[in-house]
Asker: 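Mind looking over this structure? Questions follow.
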Amino acid sequence: MKWSELRKQYPNQFVLVEAISAYSQNGKRIIEEMEVIDRYHSASDAWNDYKQQHKTFPAKELYIFHTSKEEIEVEEQYFIGIRGRV
């Protein structure tokens with residue numbers, strides 16, 4: 001689903017999406033197609049589900065967006081270092 005279609009289908013909600021088709025360009029992640037995993041009325045509910053989904057499916061490219069935004073912009077951040085469990 002394209003972002004414009006998603007916004008119409010889920011107005012004024014937080015959505016947890018998986019990027020189905022995406023690429024990198026100029027330090028940004030361009031998401032062409034996405035699939036809605038779930039929708040939420042609060043950011044905290046979306047964030048809690050994101051953490052669980054990411055833990056269960058770490059290879060999936062997941063994002064939380066609010067559909068009030070006309071355009072989505074994802075800046076790439078590169079991690080350098082060692083990750084450890086806390």
Side-chain angles (χ1 to χ4, degrees):
M1 180 179 297
K2 302 250 184 247
W3 178 244
S4 59
E5 299 165 359
L6 192 147
R7 288 184 71 227
K8 289 177 187 172
Q9 192 167 346
Y10 303 101
N12 293 312
Q13 297 178 53
F14 290 94
V15 289
L16 174 60
V17 299
E18 177 184 1
I20 303 301
S21 173
Y23 63 93
S24 297
Q25 182 179 21
N26 299 325
K28 306 254 189 249
R29 194 74 177 138
I30 311 301
I31 306 168
E32 295 180 313
E33 291 286 328
M34 59 188 82
E35 181 179 324
V36 176
I37 295 174
D38 212 341
R39 57 195 170 123
Y40 313 88
H41 292 290
S42 77
S44 62
D45 289 343
W47 180 241
N48 287 335
D49 198 20
Y50 169 90
K51 290 186 285 187
Q52 183 61 43
Q53 290 283 332
H54 182 66
K55 186 176 182 180
T56 305
F57 307 104
K60 287 187 177 185
E61 189 173 345
L62 303 172
Y63 299 97
I64 298 170
F65 298 117
H66 195 274
T67 57
S68 65
K69 305 285 185 186
E70 287 188 36
E71 301 289 327
I72 54 174
E73 185 173 296
V74 178
E75 291 186 32
E76 291 185 311
Q77 295 182 355
Y78 298 99
F79 179 78
I80 299 174
I82 299 171
R83 289 186 181 185
R85 288 208 146 136
V86 178

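Please read all numbers here as calculations on a predicted model, not as lab measurements. Computation of the quantities below employed the complete heavy-atom set of this structure, encompassing side-chain atoms and omitting hydrogens, waters and symmetry-equivalent molecules.
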Asker: I need the Ile31 CD1 to Glu73 CD distance, nearest 0.5 Å.
Answerer: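 If we round to the nearest 0.5 Å, Ile31:CD1 and Glu73:CD are 11.0 Å apart.
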Asker: Do Val15 and Trp47 belong to the same hydrophobic cluster, where Ile, Leu, Val, Met, Phe, Trp and Tyr are linked whenever their side-chain heavy atoms lie under 4.5 Å apart, directly or via other members?
Answerer: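 Shared cluster, no.
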Asker: The criterion is side chain to side chain contact (heavy atoms under 4.5 Å, CB included); which residues satisfy it with Ser68, sequence neighbours excluded?
Answerer: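 Residues passing side chain to side chain contact (heavy atoms under 4.5 Å, CB included) with Ser68: Asn12, His66.
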Asker: Just jot down the side chain to side chain donor-acceptor pair (under 3.5 Å) partners of Ser24, sequence neighbours excluded, or say none.
Answerer: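 Arg29, Glu76.
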Asker: Would you please test Lys60 and His54 for side-chain contact (heavy atoms from CB on, under 4.5 Å) and show each step?
Answerer: CA-CA 7 Å; Lys60 287 187 177 185; His54 182 66; over 6 Å; no
Asker: Same cluster or not: are Leu16 and Phe65 linked, directly or through other Ile, Leu, Val, Met, Phe, Trp or Tyr residues, by side-chain heavy atoms under 4.5 angstrom apart?
Answerer: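 No, because Leu16 and Phe65 fall into different hydrophobic clusters, even though each may have its own neighbours under 4.5 Å.
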Asker: Report the C-alpha separation of Leu6 and Val17 in whole Å, then their side-chain angles, then the decisive distance to 0.1 Å, and conclude whether the side-chain contact (heavy atoms from CB on, under 4.5 Å) test is met.
Answerer: CA-CA 10 Å; Leu6 192 147; Val17 299; 3.8 Å; yes
Asker: Using the salt bridge (charged side-chain N to carboxylate O under 4.0 Å, His left out) criterion, which residues pair with Lys51? Sequence neighbours excluded.
Answerer: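 Partners of Lys51 by the salt bridge (charged side-chain N to carboxylate O under 4.0 Å, His left out) criterion come out as none, since no residue qualifies.
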Asker: Consider only side-chain N and O atoms of Ser21 and Glu32, and report whether a donor and an acceptor are under 3.5 Å apart.
Answerer: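 Result is yes, a qualifying pair exists.
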Asker: Can you tell me how far CD of Gln52 sits from CZ of Phe57, rounded to the nearest 0.5 angstrom?
Answerer: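 Here the interatomic distance stands at 9.5 Å.
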Asker: For a side-chain contact (heavy atoms from CB on, under 4.5 Å) check, start with the C-alpha distance between Leu62 and Ile37, then their side-chain angles and the critical distance, and finish with the verdict.
Answerer: CA-CA 9 Å; Leu62 303 172; Ile37 295 174; 3.3 Å; yes
Asker: Hydrophobic cluster mates of Tyr23, side-chain heavy atoms under 4.5 angstrom, ILVMFWY only, any path?
Answerer: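 Via sub-4.5 Å side-chain contacts, Tyr23 links to Ile30.
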Asker: With rounding to the nearest 0.5 angstrom, report the OG to CD distance, Ser4 to Glu71.
Answerer: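 So the gap between those two atoms works out to 9.0 Å.
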Asker: With rounding to the nearest 0.5 angstrom, report the CH2 to CE distance, Trp3 to Met34.
Answerer: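 Reported to 0.5 Å precision, the distance equals 6.5 Å.
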Asker: Linking I/L/V/M/F/W/Y whenever any side-chain heavy atoms sit under 4.5 Å apart, do Val36 and Ile20 land together?
Answerer: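 No; Ile20 is not reachable from Val36 via cluster members.
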Asker: What residues, two or more places apart in sequence or in another chain, satisfy side chain to side chain donor-acceptor pair (under 3.5 Å) together with Tyr40?
Answerer: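 By the side chain to side chain donor-acceptor pair (under 3.5 Å) rule, Tyr40 matches Asp49.
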Asker: Can you measure from CG (Asp45) to CZ (Arg39) and round to the nearest 0.5 angstrom?
Answerer: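 One finds 13.0 Å between CG of Asp45 and CZ of Arg39.
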Asker: According to side chain to side chain donor-acceptor pair (under 3.5 Å), who are the partners of Tyr63, at least two apart in sequence or on a separate chain?
Answerer: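 Only Glu61 meet the side chain to side chain donor-acceptor pair (under 3.5 Å) criterion with Tyr63.
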Asker: Kindly determine whether Glu70 and Arg7 satisfy side-chain contact (heavy atoms from CB on, under 4.5 Å), including the steps that lead there.
Answerer: CA-CA 8 Å; Glu70 287 188 36; Arg7 288 184 71 227; 3.9 Å; yes
Asker: Between atom OH of Tyr50 and atom CD1 of Ile64, what is the distance when rounded to the nearest 0.5 Å?
Answerer: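 Going from OH on Tyr50 over to CD1 on Ile64, the span is 7.5 Å.
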